[in-house]
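For reference, the structure is listed below as structure tokens.
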Amino acid sequence: MTQITTVTTAPIEGQKPGTSGLRKQTMVFQQPHYLENFVQSIFTAIGGVEGKTLVLGGDGRYFNDRASQVVMRMAAAQGAARVIVGQGALLSTPAASNLIRKRQTDGGIILSASHNPGGPNGDFGIKFNTPNGGPAPEDVTGRIFEATRTIESYKILEAQDVDLSTLGTHALGGMDVEVVHPVSDYQALMEELFDFDALRALFASGFTMRFDAMHAITGPYARAILEGALGAAPGTVVNGTPSPDFGGGHPDPNPTWAKGLMDLMMGPEAPDFGAASDGDGDRNMIVGRGAYVTPSDSIAVLAANFAHVPAYASGLAGVARSMPTSRASDRVAEALGIACYETPTGWKFFGNLLDAGKATLCGEESAGTGSNHVREKDGLWAVLYWLSILAATRKSVAEVMADHWARFGRNYYSRHDYEAVDSARANALMDGLRAQLATLPGQSFSGLTVAEADEFAYDDPVDGSRSEGQGIRVGFDGGSRVVFRLSGTGTQGATLRVYLEAYAPGPDGLDAAPEEALAEVISAADAIAGITRHTGRDGPDVTT
Ligand code: G16
């Protein structure tokens, strides 16, 4: 028996989507009506779901199983025709984006708080992706937020749980639930983009690798593709079984949280290549033997080496990066004679550029790299792209980087995060910066003279929309730069991000330790913003 119930509810404070959907502590999501209100608001914002087909999946974190059943019962109660869901309610974010596009659906719902820890005391999240496969742009998230502020009721089907462990189509009220294998369509897409024979030959030649799936969603994908299809040695993929609390870890692929992989890669037993991905599989970390690659450098290297990947070998339309990402890719774009775009932080801002064919590759300092193959960043895609470069050149990661810097110069880069800062203090710091913008140019701090200072605003060249307040940038004579922003993905207080960049044109000075090359910029950043004074912290919590 199934029965549709209309549940009376009221608006709940704080359901404003951030950089990438709504992310909150799991216990917040478990409050009565919290999830349902937000799901209903998504449905309202897209004009209802009657007759529509949606993709559904998540990173397998705690509460994923319950939330997926709720989403399906609400969709069924409101007349949706079909939900395509990954087996076990699992789908990596790029795999979900691919399915939304491939099956020409009306969008999808992704259950994930990305790289944030999971579990009853961790975080949960939910976001809506539009029919192009990308994260909802600001006009849609604005409508969702408006709906959360006026909601009075939601409809839900009273029914038994759908069996998501069995592939095939099940009925839920009048709606079809199609349970698909989470990996198959994604793997087929990767086989179209990359030369799998060349990658198989690389592994057959004795090339060694470690991929750390961080107990998160990419384990099954990496095992199937790297060990299964490409012949990497068994055991190449570690921490490969998704667990609801990510093995108690923090599934963020950076030198701090993927320390085990970093230690291995910097030590005497290092394999040729190391990589990691995050909770939902859209972020990546690339590291060679003794050589960590910053995400900002990674997108630049991928762009410069487009000729080694069949899907891009005919040329790139353009490269896009988020504003705080280093300008290493700008130099490549200039050399290639292609367009280069600077967008606000948030993958959603790349969607229009990709849809309009203006950009082919996109990258962010926050460990995100991707292309026009889907509308999300894609961790394993980046790994396969790097493997393609290594297979074609037969060089080590360190050699590829040295060649790149010799050709383009080096953009030293680091990000300092101050987490869980009192929101009022963080806002005071940003307000203090804003107040100085007009007077900063010409002043010197720690030996650096300010050339320009502004607050970044973005005019989308495709739809003409304007996004303001996207971070404060201070540029120094000689090309160094510091950017200040408050994160839109944290769940406790405010996270201050300080993005630091210094350019060395070469041929000398390309081998410094990043924190040394950036010492003046770091010191100038504190002098300008008063980081220690405002936050009360001696140093950053996380450096990437
Ligand atoms: C999300 C967005 C990215 C953004 C990152 C960090 O990534 O999709 O575009 O760069 O958050 O954002 P913030 O600096 O506001 O915290 P993910 O991997 O968390 O979905």
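Please read these numbers as outputs of a predicted model, since none were measured by experiment. Residues take their numbers from the sequence shown, with the count starting at 1. All ligand and atom numbering here is 1-based and tracks the order in the structure.
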For the pair D330 and R321, find out whether any cationic side-chain nitrogen is under 4.0 Å from an anionic carboxylate oxygen.
-> yes
Side chains of E501 and N411: is there a donor and an acceptor less than 3.5 Å apart?
-> yes
is_close_aromatic(H250, F246), centroid dist under 6.0 Å | no
Which of the ligand 1 atoms, numbered from 1, are nearer than 4.0 Å to a heavy atom of G488 | 13 (P), 15 (O), 16 (O)
Tell me whether the centres of the aromatic rings in F306 and Y312 are closer together than 6.0 Å.
-> no
In this structure, atom 1 (C) of ligand 1 is nearest to the protein heavy atom K377 NZ, 3.8 Å
Taking heavy atoms and a distance under 4.0 Å, where does R23 meet ligand 1: side chain, backbone, both or neither?
-> side chain
Which ligand 1 atoms does R497 reach within 4.0 Å, using its non-hydrogen atoms?
-> 13 (P), 14 (O), 16 (O)
Heteroatom distance test (R485, ligand 1): nitrogen or oxygen, under 3.5 angstrom | yes
May I ask you to list the atoms of ligand 1 that are less than 4.0 angstrom from any heavy atom of R283?
-> 5 (C), 6 (C), 7 (O), 11 (O), 17 (P), 18 (O), 19 (O)
Kindly assign one of parallel, tilted or perpendicular to the pair Y385 and W381, based on the angle between their ring planes and the thresholds 30° and 60°.
-> perpendicular
Under 4.0 Å to a heavy atom of S114 - the qualifying atoms of ligand 1, by number | 17 (P), 18 (O), 19 (O), 20 (O)
Does K348 approach ligand 1 within less than 4.0 angstrom via side chain, backbone, both or neither, non-hydrogen atoms only?
-> neither
For the residue pair Y458 and F349, categorise the inter-ring angle as parallel (less than 30°), tilted (30 to 60°) or perpendicular (more than 60°).
-> perpendicular
Answer side chain, backbone, both or neither: which part of S20 comes under 4.0 Å from ligand 1, heavy atoms only.
-> side chain
Is it the side chain (CB and beyond), the backbone, both or neither of T495 that lies under 4.0 Å from ligand 1, heavy atoms counted?
-> neither
May I ask you to list the atoms of ligand 1 that are less than 4.0 angstrom from any heavy atom of S366?
-> 4 (C), 5 (C), 10 (O)
If you have a sec, work out which protein heavy atom is nearest atom 11 (O) of ligand 1 and how many Å separate them, to one decimal?
-> T489 CG2, 3.4 Å
Nearest protein heavy atom to atom 3 (C) of ligand 1, by residue and atom, and its distance?
-> E364 OE1, 3.2 Å
Considering residues at least two apart in sequence or located in another chain, which fulfil the salt bridge (charged side-chain N to carboxylate O under 4.0 Å, His left out) criterion with D538?
-> none
Do any nitrogen or oxygen atoms of T345 lie less than 3.5 angstrom from nitrogen or oxygen atoms of ligand 1?
-> no
In terms of the angle between their ring planes, are F29 and F124 parallel, tilted or perpendicular, with boundaries placed at 30° and 60°?
-> perpendicular
Subset of ligand 1 atoms that lie under 4.0 Å from at least one heavy atom of W347 | 8 (O), 9 (O)
Partners passing salt bridge (charged side-chain N to carboxylate O under 4.0 Å, His left out) against D263 (at least two apart in sequence or in another chain) | K259
Are R473 and F484 in a cation-pi contact, defined as NZ or CZ under 6.0 Å from the six-membered ring centre and within 45° of the axis?
-> no
Per-atom contacts, ligand 1 versus G346 - under 4.0 Å to a heavy atom = 9 (O)
How close do L91 and Y221 get, heavy atom to heavy atom, and via which atoms?
-> CA-OH, 3.6 Å
Within the structure, does T19 bring an N/O atom to less than 3.5 angstrom of an N/O atom in ligand 1?
-> yes
